[in-house]
There are 2 protein chains.
Amino acid sequence: MSAAKPENLKAADRILATAQELFYREGARAIGVDEIVQRAGATKPSLYRAFGSKDQLIAAYLEGERARSMAYFDEAAAEHPGDARAQLLAYFDALGRRASRDGYRGCGLSNAAVEYPDPKHPGHKVALAHKTEVRERLRDLARALGARKPKKLADSLLLLIEGVYVTGQVFGGDGPAKAVRGAAAALIDAHRAEPAGDEPEA
Amino acid sequence: MSAAKPENLKAADRILATAQELFYREGARAIGVDEIVQRAGATKPSLYRAFGSKDQLIAAYLEGERARSMAYFDEAAAEHPGDARAQLLAYFDALGRRASRDGYRGCGLSNAAVEYPDPKHPGHKVALAHKTEVRERLRDLARALGARKPKKLADSLLLLIEGVYVTGQVFGGDGPAKAVRGAAAALIDAHRAEPAGDEPEA
DNA sequence: CACCAATCGTACCGATCGGTAACGAGGTCA
DNA sequence: TGACCTCGTTACCGATCGGTACGATTGGTG
């Protein structure tokens, strides 16, 4: 059952790569350190010398997820330079397609925040920092759009994003994720038209 | 450290009540059966006689969460009988306020689906069944609204709901959850006006 | 009283959890 | 050569995991 892949990588790198895959697919709480080192072809002391503890390994894994996650924004920005609205729609379009694939497991950082609700946990801290960064990025885009209430628009879009993460892994291929691009477009346009007062009542 | 509350309840009931609280607050994977029975003032054989396994206890806990979750729809419906739009807005308004309270832990069913990604897990099954029921309920409301694309609107609203669940527990009291009512209103109105074609491109 | 069924607790199981002590192989630079 | 440092190895730790065999207790019924 052991994979034992030397593949030119150092033990610490193999451990991290294996942890990335297993933590994301199965959840950090579901995977023990023994399984990680076994499938990485390494041993536990290598893990603990390189990462200190399982919690810190989780944090290292999440830092990788954070970079991967932010890259999606960069890609969308590169596709439509100077056009914030097109950037956002490209981002949501790609997100909806990713989330509709079978076996989708959502956002590793959101999942970790759910698995470790304690704000003092290293993994939870990384997740919160990342979500704050995403929120800021969305606000920048909302401002560039010319939205009347950029913070409100950014938060609304963030709700859609997190909703896709969860529903994408609960429902199969034909879940609500496919509606996210249209929903984002509707929210964006609503924030560019009238004074964003919610509605008659309230 | 033991609570030992006889409080007239049978062991099985105390165990379930304790499990509800601990599973929701800390996560099902984080809580062991020993801690549950200890704080319930019971013992493990009582747990296993009444529920069979920890997984089935999780499923029982989630069935309770399911009822609690659906009750929020009933409350909103009771407040504004015959007015689907007002029902939805009341639901989202209450949801946003719940999710902005400190210590909010989101939806136990969504959390369980994240903690147990295996579709064969009893807890995951309950979560999927519940989400499907919510989706259906939102579709009914969207149809009652007169939305042009009720399924799309329902899925968009479901994205907002799940987004609130996650962001509510990641961000503190001033998270994106406060924007959910306005976002829902914008999506609803967008689905009642123009032909819901997303936008020029695509 | 004797009997029985239901309910509960004591004590234990093997497996796995995260983490560590101690040792050995190999490279580098003096 | 030898001291040093890095890396990986075997073997082990106490604690906790989910789960169970078996006995004690209880209340109702003949």
Side-chain angles (χ1 to χ4, degrees), chain A residues 1-20 22-23 25-62 112 115-118 120-124, chain B residues 1-20 22-23 25-62 112 115-118 120-124:
Chain A
M1 283 304 166
S2 65
K5 359 174 139 172
E7 54 176 270
N8 298 11
L9 285 168
K10 300 199 144 193
D13 298 323
R14 276 177 287 145
I15 287 170
L16 182 56
T18 306
Q20 308 234 16
L22 293 181
F23 282 164
R25 276 207 345 238
E26 312 278 346
R29 275 210 135 104
I31 299 296
V33 290
D34 296 88
E35 183 169 357
I36 293 173
V37 296
Q38 182 192 352
R39 297 177 68 151
T43 56
K44 281 203 279 185
S46 296
L47 189 158
Y48 282 92
R49 268 191 288 263
F51 299 98
S53 70
K54 185 193 175 182
D55 284 350
Q56 290 176 261
L57 175 60
I58 293 173
Y61 144 66
L62 291 176
E115 282 195 280
Y116 298 92
D118 182 2
K120 289 177 299 189
H121 189 281
H124 192 104
Chain B
M1 282 305 165
S2 67
K5 357 174 145 173
E7 54 176 89
N8 297 11
L9 287 168
K10 299 202 144 195
D13 298 323
R14 276 177 287 146
I15 286 170
L16 181 56
T18 306
Q20 309 233 15
L22 294 181
F23 282 164
R25 275 204 348 237
E26 312 278 346
R29 274 211 135 103
I31 299 296
V33 291
D34 295 86
E35 184 169 356
I36 293 173
V37 296
Q38 182 194 352
R39 298 177 67 151
T43 55
K44 282 202 279 183
S46 295
L47 189 159
Y48 283 92
R49 267 188 293 262
F51 301 98
S53 70
K54 186 193 176 183
D55 284 350
Q56 291 176 260
L57 174 61
I58 293 172
Y61 144 66
L62 291 176
E115 281 195 280
Y116 298 92
D118 182 1
K120 289 176 300 187
H121 189 281
H124 191 104

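Each chain gets a letter, A, B and so on, in the order its sequence line appears, and its residues count up from 1.
If you check the side chains of D118(B) and H124(B), you find no donor sitting under 3.5 Å from an acceptor.
Between the P atom of dG18(C) and the CD1 atom of I31(A) lies a distance of 10 Å, rounded to the nearest Å. Note: NZ (K54(A)) to C1' (dT20(C)) measures 17 Å, nearest angstrom. Spacing between atom NZ of K10(A) and atom P of dT9(D) amounts to 14 Å, rounded to whole angstrom units. As a whole-Å value, the separation of E35(B) CD from dA15(D) C1' is 14 Å. Distance CZ (R29(B)) to P (dT16(C)): 15 Å, rounded to an integer number of Å. The distance between atom CZ of F51(B) and atom P of dG18(D), rounded to the nearest whole Å, is 15 Å. Atom CG of L47(B) is separated from atom P of dC17(D) by 13 Å (rounded to the nearest Å). Distance CG (D13(B)) to P (dT7(C)): 11 Å, rounded to an integer number of Å.
A heavy-atom distance below 4.5 Å is found between the side chains of F51(A) and L16(A).
Residue R49(B) places its side chain closer to dC8(C) than to any other of dG18(C), dG8(D), dC8(C). Among the nucleotides dC8(C), dC17(C), dG8(D), the one closest to any side-chain atom of A11(A) is dG8(D). When each of dC8(C), dT10(D), dT20(D) is scored by its nearest atom to the side-chain atoms of Y48(B), the top-ranked nucleotide is dT20(D). With dG18(C), dT20(C), dT20(D) as the choices, the nucleotide that has an atom nearest any side-chain atom of P45(A) turns out to be dT20(C).
Nearest heavy-atom pair, A30(B) versus E115(B), reported as atom, atom and distance to 0.1 Å: N-OE2, 4.3 Å. Of all heavy-atom pairs spanning V33(B) and Y48(B), the tightest one is CG1-OH, 3.6 Å. In terms of heavy atoms, I36(B) sits closest to T18(B) at O-CG2, 3.8 Å.
Residue contacts for T43(A): at a heavy-atom cut-off of 4.0 Å it reaches a base atom on one of the strands shown.
Mapped onto DNA chain C by nearest heavy atom, A30(A) and G52(A) fall at different nucleotides, with A30(A) at the one closer to the 5' end.
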